[in-house]
Each structure stands twice: as structure tokens, then as C-alpha cells.
Amino acid sequence: MNNQRKAHDEPAHSESDSKEFLTFVLGKEHYALDIMSVKEIRGYEAVTKIANAPAFIKGVMNLRGDIVPIVDLRIKFSVGEASYDEFTIVHHA
């Protein structure tokens, strides 16, 4: 019996090759982050404001003991309109 496999018998990708991504839209551009670099995804909650911070820094939030700055990239890069609703998320990378 021949132990060699033909090229068409080989799987195109193994499960270990597959990756998952967190995708988001900023203005008209689409971006993706490797999901393994994201610690947590949460809905937008009230933040603690920081005095004299730039407008794009909304404040800080306590995420499981880590004090994390909340940055609105839409404001930072002047793309899109900043609105906060039930679809707004915060991710901690």
C-alpha cells in the first residue's frame, strides 16, 4: 500500500491554522484584531471622567481590576459620528 497522499487529498487548512478576529468599522474603513489579543468585550458603561483630557478620551473604566482608558477612535481620527447606544462596545486588549 502506498503511504503517500496526493495533493488533492490534503486539507487546505488545519483547525490549528484558523484564526478568529474582532472586526469593526471606523469611518469607511474596516479593521480586524486577532481575537487572541482581546481580553474582554463589554457594552459601553458610564466612565469616570478625567479632568483636562482631550475630547477623544472619554474617561477611565475599571475592567476586572484594571483601570483602562476609554478612547473613542472616531473622535481621535475625525471619522464617523460618535454615538453611544446598545450596539456600542468596549474592548480591552
Separation between [atom1] of [X] and [atom2] of [Y], rounded to the nearest 0.5 Å:
| X | Y | atom1 | atom2 | answer |
| --- | --- | --- | --- | --- |
| Glu29 | Phe24 | CD | CZ | 11.0 Å |
| Glu45 | Thr88 | CD | OG1 | 12.0 Å |
| Ile41 | Leu63 | CD1 | CG | 12.0 Å |
| Asn62 | Thr48 | CG | OG1 | 8.5 Å |

Following the transitive rule for hydrophobic clusters with a side-chain heavy-atom cut-off under 4.5 Å over Ile, Leu, Val, Met, Phe, Trp and Tyr, establish whether [X] and [Y] coincide in one cluster.
| X | Y | result |
| --- | --- | --- |
| Val79 | Leu73 | yes |
| Val47 | Ile67 | yes |
| Val25 | Val38 | no |
| Ile50 | Val71 | yes |

Taking atom CD of Glu86 as the centre, report whether more than 12 heavy atoms of other residues, nucleotides or ligands fall under 6.0 Å from it. yes

Trace of the side-chain contact (heavy atoms from CB on, under 4.5 Å) decision for Asp34 with Lys19: CA-CA 7 Å; Asp34 183 341; Lys19 288 191 174 194; 3.9 Å; yes

Using every non-hydrogen atom in the two residues, find where Ala32 and Thr23 come nearest and quote the distance to one decimal. CB-CG2, 4.0 Å

Any idea which heavy atoms bring Arg64 and Glu40 closest together, and the distance? NE-OE1, 3.1 Å

The test is side-chain contact (heavy atoms from CB on, under 4.5 Å); show your working for Lys58 and Ile75 and say whether it passes. CA-CA 10 Å; Lys58 304 313 294 177; Ile75 297 170; 4.0 Å; yes

How would you list all residue pairs meeting ring-ring contact (aromatic ring centres under 6.0 Å, His included) that involve residues 59-89, not counting sequence neighbours? Tyr44-Tyr84

Contacts of type salt bridge (Lys or Arg N to Asp or Glu O under 4.0 Å), residue Arg74, not counting sequence neighbours: Asp72

